[in-house]
Amino acid sequence: MSKAAKCLGIHPMTRRQWAGKIPFMWVGRERRFSSVDVENMKRGSASSISRPRREVLYVRVSGSSGQESSLAAQEEELRATSTGEVVKVVKDRGSGLRENRPGLNRVLAMVSDGSVSVVRVTHEDRLARFGVGWLKQLFAVYGVTLEVLHPKKSGGRDELLEDFVSLVTTFAGRLYGMRSAQARKRLLAESGQCAGGGDAG
């Protein structure tokens, strides 16, 4: 598999997604490909291979509750402009600065297992506030594309201000959480000392 992919100049995962396009035989637990078939594919057959358009629609709101209308509006807009099979609509609640989001994790799992060929969002920041470029590169490894219905306009003052506020809010929240944890720990320690002192008396 890896040698055939290297010969074709593609990622092994992409070769797996083309399973059945090149004849193969099993040798133990490995797939073996004829060098003739690989060369034929290399000479131009690869360009004729097209994966079915299977879309996952990703919608997100920042609040942990409410904003149902925003989620519904995003989904409706994406469905209305869909040109393939909508495999799943994934919904998330939480800041776009959070890396560990349940919905985003589901999207990444679908990308990696080859069940979708396109990830669609209304706006780039619905997927992530920062690091979208890295996600695009990761998707590309698996032969998946990211489509943004309303492309981002770079350099806008309002957009930069919004990003700045998001960063400050996120770090302030984390700092507050750290302080709260330290305060709880201190109170528990002090209450333990008080209890210990009472027993000693």
Side-chain angles (χ1 to χ4, degrees), residues 1-60 71 74-92 94 96-154:
M1 179 77 76
S2 60
K3 290 181 179 179
K6 185 176 181 180
C7 182
L8 290 169
I10 60 176
H11 192 275
M13 184 59 69
T14 303
R15 176 68 214 49
R16 287 190 180 90
Q17 293 167 351
W18 289 356
K21 298 295 184 179
I22 303 179
F24 67 88
M25 62 180 294
W26 288 101
V27 177
R29 298 180 63 182
E30 292 184 344
R31 292 179 186 180
R32 297 293 174 88
F33 303 88
S34 163
S35 59
V36 174
D37 291 329
V38 172
E39 284 300 321
N40 287 337
M41 177 69 80
K42 191 176 179 181
R43 279 197 293 267
S45 301
S47 61
S48 65
I49 294 179
S50 59
R51 294 175 61 193
R53 185 178 173 87
R54 294 168 58 82
E55 303 176 1
V56 55
L57 312 182
Y58 179 77
V59 298
R60 181 185 65 80
L71 287 173
Q74 290 177 54
E75 179 180 347
E76 182 180 357
E77 192 173 13
L78 289 170
R79 283 188 180 278
T81 55
S82 173
T83 57
E85 176 191 358
V86 176
V87 177
K88 192 173 184 63
V89 178
V90 177
K91 301 178 181 180
D92 244 337
L97 290 170
R98 282 182 52 201
E99 296 175 350
N100 188 22
R101 280 174 269 145
L104 180 58
N105 289 338
R106 285 196 293 274
V107 169
L108 293 174
M110 295 178 74
V111 166
S112 64
D113 67 19
S115 58
V116 296
S117 59
V118 182
V119 176
R120 300 187 68 234
V121 293
T122 55
H123 297 81
E124 191 174 277
D125 64 3
R126 293 301 87 193
L127 187 64
R129 294 296 296 175
F130 299 100
V132 173
W134 293 108
L135 288 173
K136 285 181 181 178
Q137 289 188 37
L138 176 63
F139 292 172
V141 168
Y142 294 100
V144 175
T145 56
L146 171 65
E147 288 185 0
V148 181
L149 197 56
H150 304 294
K152 190 175 182 180
K153 295 179 181 179
S154 60

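- Between V111 and the options L135, L138, V141, V119, a side-chain contact (heavy atoms from CB on, under 4.5 Å) holds for only V119.
- Distance alone, capped at 3.5 Å, places no donor-acceptor pair between the T145 side chain and the V118 backbone.
- Crowding of E85 atom CD: a count of heavy atoms from other residues, nucleotides or ligands under 6.0 Å exceeding 12.
- Between the side chain of R60 and the backbone N or O of G94, at least one donor-acceptor pair lies under 3.5 Å.
- When atom types are taken as modelled, the side chain of Q74 and the backbone of H123 share no donor-acceptor pair closer than 3.5 angstrom.
- Closest approach of D92 to G103, counting heavy atoms only: OD1-N, 2.9 Å.
- For the atom pair CD of E124 and CD of E147, the computed distance is 13.5 Å after rounding to the nearest 0.5 Å.
- Taking CZ of R101 as the start and CG of L127 as the end, the distance is 6.5 Å to the nearest 0.5 Å.
- A 4.5 Å side-chain heavy-atom check between F130 and D125 finds every atom pair outside the cut-off.
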Decide yes or no on side-chain contact (heavy atoms from CB on, under 4.5 Å) for K88 and V116, but give the supporting numbers first. CA-CA 9 Å; K88 192 173 184 63; V116 296; over 6 Å; no
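- The two residues L149 and R120 have their closest heavy-atom pair at CD1-NH2, 3.7 Å.
- In this structure a side-chain-to-backbone donor-acceptor pair under 3.5 Å is missing from R126 to V148.
- Residue S117 comes nearest to P52 through the heavy atom pair OG-O, 3.0 Å, listed as atom of the first residue, atom of the second, then distance.
- Of all heavy-atom pairs spanning A109 and S112, the tightest one is O-OG, 2.9 Å.
- For the residue pair Y58 and L104, the shortest heavy atom distance occurs at CE1-N, 3.8 Å.
- Judged by distance alone, the side chain of S82 and the main-chain N or O of L78 form no donor-acceptor pair under 3.5 Å.
- Residues V87 and V56 fail the side-chain proximity criterion, which asks for heavy atoms closer than 4.5 Å.
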After noting the C-alpha distance and the side-chain angles of R54 and M110, does the key distance pass the side-chain contact (heavy atoms from CB on, under 4.5 Å) rule? CA-CA 11 Å; R54 294 168 58 82; M110 295 178 74; over 6 Å; no
